[in-house]
Structures are given as structure tokens and as C-alpha cells.
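The analysis underlying the following values was restricted to heavy atoms, covering all of them including side chains, and did not include hydrogens, waters or symmetry mates. Residue numbers run from 1 in the order of the sequence given.
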Amino acid sequence: MNRRPILFQTDGRPIDPAHIADSVAAFGDSYNDAAHTIIRESAGLDEDGTVFRACASRILSSFGMTRGGIFRTRGAEVLQACWREIGSDLLDIRASVGSGGLDRDRYLLELDEDSRTELIGDVWSLMKRLLPFTMGKTSYGLVGASKILFSVLPEIALPIDNAQWRFVFRTVDLGDILKWMVADIREWESVTGQQLNTMDKLGRLSTLPSVYNVMAMAARPETSESA
């Protein structure tokens, strides 16, 4: 699969940590502040889905997804349906993340390989279950579903827009994308001696996926669509 490089140059050199830090700082307060909020608040999901709906709404709004489509006209209804569908599974994953003694911000890298493979498979399954609810008249629902999962699993999931699906990752398999993200981050950290989750000098983007998304956005071709 011919993916675009994210943490490395086309010649194989790693992107300089200072450049990543500058990219994070320049990315914009809307995403950085929203990500910071959901990273903090999603640590304690409640059984009635109040935190889920608040986090999902914040992330969808920060990406401009509440300005049109189903999240503008039926946002509350859609999120309630999503919680009914996958809420119990999200609570199980959240409990597992909180009880394992691993660094939440680096959870995917610190998890053992078998557990990580199983977890990624579970998250990919959750996304497929969300698609019937996030699909619109002109959208297959991939963007909304990935952003919803990121909003409550920011240490695991990646919020992916249309241009990233089509031109950066070139697949609709979230599981493959998350596996590639882990491998990409591990290689970059090995070469640079830095930890990707420390690249936000203001400490807002503290999870690996939240920082990786900034660079995945930067990897989009300039002529691609971004919605």
C-alpha cells in the first residue's frame, strides 16, 4: 500500500523534532484546545454517555463538522444512537486502559504486541458499527466515526479526514492505519531519541495519536480535499 510519509521525509530522513514542535504550535488553538480537553475529560467515561456526547461534540465542532450534514441537523440524536451502540464497549476499553499501569499518553506503544493487536481490532470493529449512524447523503461516515472514536479514545484512535483517507493512508481500514501509526512512531522515536507525545511544548497534545494527527494533516497533498 503506497502511503505518504508522515514522520519521515521522502528520502527516508526523520522529520526534525523541532519542526514537529513548530507544526503543533502552528496548528491552531481550535484543535489543540479541543484535544487537550477531551484527553482530560475522556479519562472518566460515565455509564449514561454524558461525557461521551460532550467530548464527541467538542471534537466534531473543532473540525467544523457541526456546520453542515447530519451533525448539524441531527447531532444529538446521532451521538445518542452511537452511545447506545458502542457505549458498553467503550467503557470496557476505558477500564482496561486505566487498570493496566501503562502511561496513557504512550499506551499503544507500551502495550504488548498481542494485546495491542487485539485492541486495534476491537477499535476497528467499533468504527464499522458506527458507520450506519455517521453516514450521510454525501459521506460514507468514515470521517465522523474516526473523530468520535478519537474524542473518547485519544490515546488509541486517530481522527481522519477525507483527504487523509484518500491521499495519505489510501485505505479505509482503520486497523491497518493504527498499526502503521505505531510502527511509524516507533521508528521515528528510535532514530531521533525523542518521544512524539512530548512535541507540544504547551502540553495540550499529550497522546501519541493527537500529535501524529498534526503531521498526518501536514502530509496531505496541497490539491486534495480536506473536509
Side-chain angles (χ1 to χ4, degrees), residues 6-7 31 34-46 49 51-52 54-56 58-60 62-63 79 82-83 85-131 134 142-161 164-165 168-169 171-186 188-189 195-200 204-217:
I6 293 176
L7 298 181
Y31 168 74
H36 176 61
T37 298
I38 63 100
I39 288 169
R40 181 182 67 247
E41 294 185 354
S42 65
L45 295 180
D46 56 284
V51 173
F52 167 83
C55 288
R58 183 175 292 274
I59 284 297
L60 291 169
S62 76
F63 280 104
L79 292 180
C82 290
W83 178 255
E85 177 65 25
I86 67 168
S88 62
D89 298 277
L90 290 176
L91 289 169
D92 288 344
I93 292 174
R94 174 56 59 217
S96 177
V97 172
S99 66
L102 303 180
D103 183 347
R104 184 186 175 208
D105 293 336
R106 298 182 55 77
Y107 188 72
L108 276 181
L109 261 66
E110 293 191 358
L111 203 60
D112 68 86
E113 185 173 355
D114 288 344
S115 297
R116 182 171 55 249
T117 298
E118 181 179 359
L119 175 61
I120 288 174
D122 290 342
V123 172
W124 173 217
S125 177
L126 292 182
M127 180 170 170
K128 287 185 284 188
R129 288 165 58 188
L130 288 180
L131 294 180
T134 59
L142 294 166
V143 176
S146 70
K147 287 172 168 41
I148 288 171
L149 288 175
F150 171 73
S151 76
V152 286
L153 299 175
E155 64 274 84
I156 301 168
L158 191 66
I160 307 171
D161 68 15
Q164 289 171 299
W165 288 113
V168 177
F169 299 113
T171 180
V172 296
D173 190 322
L174 179 64
D176 282 348
I177 291 173
L178 296 182
K179 291 173 186 176
W180 189 46
M181 178 179 70
V182 169
D184 202 24
I185 293 172
R186 178 176 285 121
W188 182 86
E189 291 190 346
Q195 292 188 333
L196 188 69
N197 58 297
T198 65
M199 291 297 102
D200 181 4
R204 291 175 296 182
L205 306 187
S206 60
T207 66
L208 291 170
S210 67
V211 178
Y212 192 78
N213 179 60
V214 172
M215 303 313 295
M217 295 281 279

- Message: Looking at every heavy atom in both I156 and V123, which two are closest together, and how far apart are they?
- Response: CG2-CG2, 3.8 Å
- Task: Specify the closest pair of heavy atoms between W83 and L91, including all atoms of both residues, with the distance to one decimal.
- Result: CH2-CG, 4.0 Å
- Hey, is CZ on R104 packed in by over 12 heavy atoms from elsewhere, all under 6.0 Å? yes
- Going from CD1 on I39 to CZ on R204, what distance comes out if it is rounded to the nearest 0.5 angstrom? 10.5 Å
- Look up atom CD in Q195 and atom OG in S206, then write down how far apart they are to the nearest 0.5 Å. 12.0 Å
- Message: Between F150 and N213, is the side chain to side chain contact (heavy atoms under 4.5 Å, CB included) condition met? List the steps.
- Response: CA-CA 10 Å; F150 171 73; N213 179 60; 5.9 Å; no
- Message: Can you give me the closest heavy-atom contact between A216 and V168, atom names plus distance?
- Response: O-CG2, 3.9 Å
- Is there a side chain to side chain contact (heavy atoms under 4.5 Å, CB included) between D103 and E155 once you walk through the steps? CA-CA 10 Å; D103 183 347; E155 64 274 84; over 6 Å; no
- Note on the structure: For S42 and C55, the nearest pair of non-hydrogen atoms, with its separation, is N-SG, 4.1 Å
- Residue list, ring-ring contact (aromatic ring centres under 6.0 Å, His included) with Y212, at least two apart or on another chain: none
- Which heavy atom in A43 sits nearest to a heavy atom in R94, and how many Å separate them? O-CD, 3.4 Å
- Task: Keeping to residues at least two apart or across chains, list the salt bridge (charged side-chain N to carboxylate O under 4.0 Å, His left out) pairs with something in residues 111-123.
- Result: none
- Query: Between atom CE of M127 and atom CD1 of I86, what is the distance when rounded to the nearest 0.5 Å?
  - Reply: 11.0 Å
- Query: Residues in ring-ring contact (aromatic ring centres under 6.0 Å, His included) with W124, at least two apart?
  - Reply: none
- Task: Could you list the residues that satisfy ring-ring contact (aromatic ring centres under 6.0 Å, His included) with F63, not counting sequence neighbours?
- Result: Y31
- Query: Going by heavy atoms in the side chains, are L174 and L149 under 4.5 Å from each other?
  - Reply: yes
- Shortest non-hydrogen contact between P159 and Q164, atoms and distance: O-OE1, 3.6 Å
- Euclidean distance, L142 CG relative to I160 CD1, rounded to 0.5 Å: 8.5 Å
- Any side-chain heavy atom of P209 sitting closer than 4.5 Å to one from M181? yes
- Query: Any side-chain heavy-atom pair from L102 and L111 closer than 4.5 angstrom?
  - Reply: yes
- Main-chain N/O of I93 paired to S96 side chain as donor or acceptor, under 3.5 Å: no
- Query: Less than 4.5 Å apart, any side-chain heavy atom of L108 and any of I185?
  - Reply: no
- Yes or no on side chain to side chain contact (heavy atoms under 4.5 Å, CB included) for L79 and I148, after CA distance, side-chain angles and deciding distance? CA-CA 9 Å; L79 292 180; I148 288 171; 3.8 Å; yes
- Message: A side-chain contact here means heavy atoms from C-beta on lying under 4.5 Å apart; do D161 and K147 qualify?
- Response: yes
- Query: Going from OG1 on T198 to CG on L208, what distance comes out if it is rounded to the nearest 0.5 angstrom?
  - Reply: 9.5 Å
- Query: How would you list, by chain and number, every residue that makes a salt bridge (Lys or Arg N to Asp or Glu O under 4.0 Å) with D89, sequence neighbours excluded?
  - Reply: R129
- Message: To the nearest 0.5 Å, what is the distance between SG on C82 and CD on E85?
- Response: 8.5 Å
- Query: Under the salt bridge (Lys or Arg N to Asp or Glu O under 4.0 Å) test, which residues partner E189, sequence neighbours left out?
  - Reply: R106
- Query: Do L119 and Y107 come close enough that some side-chain heavy atom pair is under 4.5 Å?
  - Reply: yes
- Query: Does any N or O in the side chain of T207 come within less than 3.5 Å of the main-chain N or O of P154, such that one atom is a donor and the other an acceptor?
  - Reply: yes
- Is there a side-chain contact between I38 and V152 (heavy atoms, below 4.5 Å)? no
- Message: Could you check whether any side-chain heavy atom of L158 comes within less than 4.5 Å of a side-chain heavy atom of F169, counting everything from C-beta outward?
- Response: yes
